[in-house]
Amino acid sequence: MTVDSTTHRTVAVPGLGTGVSVQLAVSLRGPHGPALLEVEDGGRRTAVAVDVQRVDGVPDSALVVPQDLYDELGLGDARWTLRQRPAVQAHGLVLEPATVREPDRMTREIAAGGLAGALLTPVRGGWEPLVVGGSTYEIKEVRGAGRDAVVRIGPETRVEIFAPGARAGVDMVILADVSESMDVADVPKPSGGYLKRIDVLKRSLRALLTVRAAALGPASQVALLAFDSRARARFPAAGGMATLDAASPKAVTESFRKAVDQLAPRPGSHTDIQRALHAAAELLNRHGRPANERVIVLVSDGADCPPRRPEDTGRVFGALEEPVSLMEHLHRDMKVRLHAVGISTEEWFLRRCEPHPRLVPDHRLLQKLLAVAGGGRPTIGGVDDVGDYFSEVGTGLRYPVTGRLTARPELRLDRRTLQKLTVRRPAGPDRDKLADEFAGLVRSVNERSERALGGALFQRGVLPQVEYLLLREVPQDTAEFGRQLTAHLRRLSPLPPGAAGHECVREWTALMKRLNQALVAERDLSELSRVCRCASREIPDVAVAVFGALCEQLRDVDRGLRKLPTRPAGAPAARGPARPGGAVRALERTGSRAFLS
């Protein structure tokens, strides 16, 4: 079933809203599912991903759209087409807020914002922004779909919020694992061979320095602690935290570079993540700025964490004695967020080395820590994965949206709205006969105007629009009827160049002007009924009277065109019906519906 501006009229309904997902309504015979609403207006093309719903009570010839979308796209005058398109499910989504706010508030807003089921609109090089809870989010990344696809967000789609560092200050403590297991060379190099885990860590921290050395924005502080069974300050060397960005003195950046270069595994040492978290928390508590985000970045292979002592079996640990309990406390009471980076994998180790329980990478603790400190998953891998993470964390931070996304509200049209869409007409004039006569007159007038004037008098596709409005289905609301009639009369008004000089065409344009002035003059249609010599002011009766007046004037136009000579062969052809010029658009912008003669 074709759905476009020649077969359907658009009906704007206030209160539907576009929000995170644009939903349109059609009749039970119409298409349904994901689609692109493609609009062409004045040479400008726009496409919007929409979800089309079948709703009982919507007329076959109507497309119900939200009022704000109707106004934004100018659907009353533009040519449009609805094309069904399959939607690809997104695996992951990264959103960047236009204005950075408190991270927990943004993640709650996204989780409760009705994203599940929403469609993303593809545009050149990306996607249209999303509006969730009144806030605008740029779509930074979509995983699992190409950039030219219509993308659907599912309830299981993993959503993250990216907060650029240029807009928000961050206090960051980096915990670098330097236990004995970090000396194992089991991380594949992109060019071949293997790297030590510690070398992957050092490369990544150098990438972080490169990004931070070029960054400007709110003051952000960094500290680097090396840890194994205990934690030691590496940057700043004297302890505390230091600003690290484009405004930092060269001595500061060189100090960080030197601290990274000096990182080295300590033979015989094991990994104690709990002590490292204690040291990071103390730094943030003493030296963190009140307005800044507090973040711990834990980088470890997870190997050789000390087991509980036999005498601790069955003991109830205090809130600050276990790493997971400690991290939960820090997140809840000090608003500290954790980012975890796991270096190497068990598979890489077993492929390269003999099994050794103290050296096997184990990232289960990292996952447990993240579960209580902001959610999300650890970044696990080698040179590229860890390097990409530190390059990005130098420019901003990601905050995962935890839990299932809420579903968008179902599209509902109340009975009152449906009643306004259509009025079933009582017995009266033979509407089918009027429609047949109108079709024949439009066809005859266009054929004769092409021979005599070099161009068709009326736009193609105007017949179904006028017929449906005036004879088949008419809005019950007076304002809506007047608005739709004004839009259709605009499409009947443009003429080929030179046509207005002929008397029969001048009479036609005069009728268009009278009808438009009547629509502006009275809200109860009394002036329109007077112009069309209609005794009633009821919308169905006035609609038929307008249609009768159009047919009557078309007969005069047809008779007048018959008298004109055929255009000589080789004479310049007139252009087709022109779109309204700037003067008409200016009148529209000021609220006037009258047309220039």
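Bear in mind that the values here come from a model prediction, so they are computed numbers and not experimental data. What's counted below: heavy atoms across the whole structure, side chains too, no hydrogens, waters or symmetry copies.
Atoms CG and CG, on L489 and N516 in that order, are 5.0 Å from each other to the nearest 0.5 Å. One distance of note links CD of E160 with CD of E141; it measures 8.0 Å at 0.5 Å rounding. Note that the CG atom of L485 and the CG atom of L519 stand 5.0 Å from one another [nearest 0.5 Å].
Around atom CG of D414, more than 12 heavy atoms belonging to other residues, nucleotides or ligands sit under 6.0 Å away. A 6.0 Å sphere centred on CZ of R143 holds more than 12 heavy atoms belonging to other residues, nucleotides or ligands.
Among residue pairs with one or both ends in residues 85-95, none qualify as salt bridge (charged side-chain N to carboxylate O under 4.0 Å, His left out); sequence neighbours excluded.
Side-chain contact check for N292 versus V170: every heavy-atom pair is 4.5 Å or farther apart. Side chains of V401 and L95 form no contact here, defined as non-hydrogen atoms less than 4.5 Å apart. You'll find the side chain of Q484 reaches within 4.5 Å of the side chain of V11, heavy atoms only. Side-chain atoms of V64 and L411, non-hydrogen and from C-beta on, never get closer than 4.5 Å to each other. No side-chain heavy atom of V50 sits under 4.5 Å from any side-chain heavy atom of V65. Residues L24 and D51 are not in side-chain contact: their nearest non-hydrogen atoms beyond the backbone lie 4.5 Å or more apart.
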side-chain contact (heavy atoms from CB on, under 4.5 Å), that's the test. Do L75 and L63 meet it? Break it down for me. CA-CA 11 Å; L75 292 176; L63 178 70; over 6 Å; no

Applying side-chain contact (heavy atoms from CB on, under 4.5 Å) to L93 and V151, what does each step give before you reach the verdict? CA-CA 11 Å; L93 190 65; V151 175; over 6 Å; no

After noting the C-alpha distance and the side-chain angles of R337 and R294, does the key distance pass the side-chain contact (heavy atoms from CB on, under 4.5 Å) rule? CA-CA 6 Å; R337 287 185 175 271; R294 296 180 171 189; over 6 Å; no

Applying side-chain contact (heavy atoms from CB on, under 4.5 Å), run through V94 and Y137 and close with a yes or a no. CA-CA 9 Å; V94 180; Y137 293 85; over 6 Å; no

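Between N446 and E450, the side chains place no donor N or O within less than 3.5 Å of an acceptor N or O (distance only, hydrogens not considered). Residues T2 and D4 bring no donor and acceptor atom of their side chains to less than 3.5 Å of each other.
Screening T81, V48, L69, L73 for a side chain to side chain contact (heavy atoms under 4.5 Å, CB included) with V39, the sole residue that qualifies is L73.
R83 is linked by a side chain to side chain donor-acceptor pair (under 3.5 Å) to E38, counting only residues two or more places apart in sequence or in another chain. Residues that satisfy the side chain to side chain donor-acceptor pair (under 3.5 Å) test with E503, not counting sequence neighbours, are absent from this structure. Applying the side chain to side chain donor-acceptor pair (under 3.5 Å) criterion to E138, with sequence neighbours excluded, gives no partner residue. Under the side chain to side chain donor-acceptor pair (under 3.5 Å) criterion, S27 pairs with D60, sequence neighbours left out.
Of the possible polar contacts, none joining the R152 side chain to the L119 backbone as a donor-acceptor pair under 3.5 Å is found. Between the side chain of Q84 and the backbone N or O of H32, at least one donor-acceptor pair lies under 3.5 Å. Side-chain N or O atoms of T157 include one that pairs as donor or acceptor with a backbone N or O of A90 at under 3.5 Å.
Across all their heavy atoms, W80 and H8 have their closest contact at CZ2-O, 3.6 Å.
Classification of the H339-Y399 ring pair by plane angle, with boundaries at 30° and 60°, yields perpendicular.
A salt bridge links E437 and R555; the closest N-O separation between the charged side-chain nitrogens and carboxylate oxygens is under 4.0 Å.
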Quick one: side chains of residues 557-566, donor-acceptor pairs under 3.5 Å with protein atoms, not counting sequence neighbours, listed by atom name and distance.
from: D558; atom 1: OD1; to: S444; atom 2: OG; distance (Å): 2.7
from: D558; atom 1: OD1; to: R448; atom 2: NE; distance (Å): 3.0
from: D558; atom 1: OD2; to: R562; atom 2: NH2; distance (Å): 3.4
from: R559; atom 1: NH2; to: D556; atom 2: OD1; distance (Å): 2.2

